[in-house]
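Encoded as structure tokens, the structure appears first; notes follow it.
Note that this is a predicted model, so its numbers are computed, not measured. No hydrogens, no waters, no symmetry mates; every other heavy atom, side chains included, goes into these values.
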Amino acid sequence: MLAVIRGAGDIASAIALRLHRCGMRVVMTEIAQPLTVRRTVAFSEAVRLGEAQVEGVRAVRVANAGEAAAVLAAGRDVPVLVDPACTCARELAPDVVVDAILAKRNVGTRCDMAPVVVGVGPGFTAGIDCHAVVETMRGHTLGRAYYEGSALANTAVPGLIGGFAGERVLRAPCDGVFRGVCAIGDHVEQGQAVAFVDGQPVVVMLTGVLRGLVADGVPVSRGLKCGDVDPRDDASYCALVSDKGLAVAGGVLEAILRVSGALPGGERREG
């Protein structure tokens with residue numbers, strides 16, 4: 001089974017890991033300058049560096065669908081290509097398309113892109129623009145697969161980690177180019193500047209470990225999420241897919257198996 005995943009950030013990468021470990025072939029698409037925050041657990045870093053590893057699985061940047069097919073034939077790595085519109089799906093003819101861009105809206109995913117199409121998070125409606133939707137909101141329904149309707153609407157309030165929610169997130173103070181002065185995994189103190197955007201500081205609101213930070217040189221807009229502090233203060237978490245990522249990935253796997261007819265009670269769809 002071949003799955004094309006739109007997006008290669010940390011949640012998309014958690015999905016890719018789970019599908020890859022279950023024996024599926026996976027191709028990922030990204031934008032030319034990824035805005036990923038949790039870069040140490042994201043295959044999007046392959047766009048910037050040529051390759052990236054997450055929990056022992058390697059992704060490599062490829063130029064087109066033909067190169068992606070060659071990497072898949074070797075059977076080891078996950079190919080990542082710059083293809084925001086996911087045009088590679090026409091050439092690759094995947095069994096599954098997963099939209100894990102997390103744009104909070106649909107940016108072009110359609111039911112006819114593959115026999116199984118899964119939307120991740122708000123912005124999708126099962127039966128309209130995809131066959132299933134997987135919940136991304138932290139709470140009792142996180143990771144649940146819906147075969148009718150939509151995920152919960154975006155509240156713009158991050159979920160609780162270590163007793164903190166909005167305080168964890170760092171946002172760009174203005175439009176400009178992002179420059180970090182700390183690295184992911186560093187211990188940081190409340191009030192410390194960890195980056196600058198056109199000379200304006202990005203200041204952390206609590207003490208802990210810098211779990212995520214946008215890459216240097218990336219243009220950002222005012223209010224964009226550009227960093228994440230983990231108050232649990234354990235740097236080892238920076239190299240592990242999160243509980244949220246694992247839950248969402250599990251929901252995507254369930255949706256693929258159910259919609260493809262691979263599970264009892266599933267509905268087989270022909271391409």
Answer yes or no: is there a donor N or O on one side and an acceptor on the other, between the side chain of Asp129 and the main chain of Thr125, under 3.5 Å?
yes

Tabulate below the donor-acceptor pairs under 3.5 Å that side-chain atoms of residues 62-71 make, not counting sequence neighbours, or state none.
unit_1	atom_1	unit_2	atom_2	d
Asn64	OD1	Gly66	N	3.1
Asn64	OD1	Glu67	N	2.8
Glu67	OE1	Ala63	N	2.9

Cluster partners of Val181, using ILVMFWY side-chain heavy atoms under 4.5 angstrom, listed by chain and number?
Phe196

Count I, L, V, M, F, W, Y as connected when their side-chain heavy atoms are under 4.5 Å apart, and connections chain through other members. Are Val96 and Val133 then in the same cluster?
no

Answer yes if Val120 and Val117 sit in the same cluster of Ile, Leu, Val, Met, Phe, Trp and Tyr residues linked by side chain heavy atoms under 4.5 Å apart, and no otherwise.
no

Output for pair (Leu224 CG, Phe178 CZ), nearest 0.5 Å, gives 9.5 Å

Does Val177 offer a backbone N or O that forms a donor-acceptor pair with the side chain of Asp198 under 3.5 Å?
yes

CA sep, side-chain torsions, deciding dist, call: His131, Tyr147, side-chain contact (heavy atoms from CB on, under 4.5 Å):
CA-CA 6 Å; His131 303 115; Tyr147 304 96; over 6 Å; no

Test your reading of the model: is there a side-chain donor-acceptor pair from Glu55 to the backbone of Val241, 3.5 Å cut-off?
yes

Side-chain donor or acceptor of Asp77 paired with backbone N/O of Ala59 under 3.5 Å:
no

Separation of Asp83 CG from Glu91 CD (nearest 0.5 Å):
10.0 Å

List the steps and the verdict of side-chain hydrogen bond (donor to acceptor under 3.5 Å, both in side chains) for Thr207 and Glu189.
CA-CA 4 Å; Thr207 296; Glu189 297 285 340; 3.2 Å; yes

Distance from Ile128 atom CD1 to Asn106 atom CG, nearest 0.5 Å?
11.5 Å

With rounding to the nearest 0.5 angstrom, report the OG to CG distance, Ser221 to Asp175.
6.0 Å

Measure the spacing between CG of Leu35 and SG of Cys226 and express it to the nearest 0.5 Å.
10.0 Å

Minimum heavy-atom distance Ala52-Ala42, with the two atoms named:
CB-O, 4.1 Å

Would a distance-only check, ignoring hydrogens and angles, find a side-chain to backbone donor-acceptor pair under 3.5 Å from Lys225 to Leu170?
no

Minimum heavy-atom distance between Pro115 and Pro94, given as atom pair plus value:
CD-O, 3.5 Å

Apart from Val209 itself, which Ile, Leu, Val, Met, Phe, Trp or Tyr residues share its cluster (side-chain heavy atoms under 4.5 Å, direct or through members)?
none

Smallest heavy-atom separation, Cys86 atom then Thr29 atom, equals SG-CG2, 4.4 Å

Is Tyr237 reachable from Leu246 through a run of I, L, V, M, F, W or Y residues, each pair having side-chain heavy atoms under 4.5 Å apart?
no

Sub-3.5 Å donor-acceptor pair from the side chain of Ser13 to the main-chain atoms of Phe43, do we have one?
yes

Quick check for you: to the nearest 0.5 Å, what is the distance between Leu142 atom CG and Leu152 atom CG?
10.5 Å

For the CZ atom on Arg105, are there more than 12 heavy atoms of other groups (residues, nucleotides or ligands in this structure) within a distance under 6.0 Å?
no

Whether the side chain of Glu135 engages the backbone of Gly121 through a donor-acceptor N/O pair (distance < 3.5 Å, no angle test) should be reported.
no

Is there a donor-acceptor pair closer than 3.5 Å between any side-chain N or O of Ser260 and the backbone N or O of Leu257?
yes

Run the side-chain contact (heavy atoms from CB on, under 4.5 Å) test on Arg110 and Cys130 for me, step by step, so that the C-alpha distance in whole Å, both residues' side-chain angles and the decisive distance to 0.1 Å come before the verdict.
CA-CA 6 Å; Arg110 309 178 312 277; Cys130 61; over 6 Å; no

Looking only at heavy atoms, what is the nearest atom pair of Ser242 and Arg211, with distance?
CB-NH1, 4.4 Å

Looking at every heavy atom in both Gly185 and Ala235, which two are closest together, and how far apart are they?
O-CB, 3.8 Å

With the threshold set at 4.0 Å, does a side-chain nitrogen-carboxylate oxygen contact exist between Arg232 and Asp234?
no

Side chains of Val26 and Ile5: closer than 4.5 Å at any heavy-atom pair?
yes

Test log, rule side-chain contact (heavy atoms from CB on, under 4.5 Å), inputs Val188 and Val229
CA-CA 8 Å; Val188 294; Val229 177; 4.2 Å; yes

Other members of the hydrophobic cluster containing Val107, with the 4.5 Å side-chain heavy-atom rule, please.
Ile101

Pair Val97, Val116 - check side-chain contact (heavy atoms from CB on, under 4.5 Å), show working.
CA-CA 6 Å; Val97 168; Val116 179; over 6 Å; no

If you take all heavy atoms of Leu206 and Pro231, which pair is closest and at what distance?
CD1-CB, 4.0 Å

Kindly say whether Val47 contributes a backbone atom to a donor-acceptor pair with the side chain of Arg61 at under 3.5 angstrom?
yes

Selection residues 6-18 - residue pairs positive for salt bridge (charged side-chain N to carboxylate O under 4.0 Å, His left out), sequence neighbours left out
Arg6-Asp99

Of Glu51, Met28, Arg25, which is the lone residue that meets side-chain contact (heavy atoms from CB on, under 4.5 Å) with Val78?
Met28

Between Arg168 and Asp228, does any NZ, NE, NH1 or NH2 come within less than 4.0 Å of an OD or OE carboxylate oxygen?
yes

Counting distance only, does the side-chain N/O of Gln53 pair as donor-acceptor with the main-chain N or O of Arg58 below 3.5 Å?
no

Side chain to side chain, Pro173 and Val197, heavy atoms closer than 4.5 Å:
yes

Can you check whether Leu2 reaches Val27 side chain to side chain, under 4.5 Å on heavy atoms?
yes

Partners of Arg39 by side-chain hydrogen bond (donor to acceptor under 3.5 Å, both in side chains), sequence neighbours excluded?
Glu45

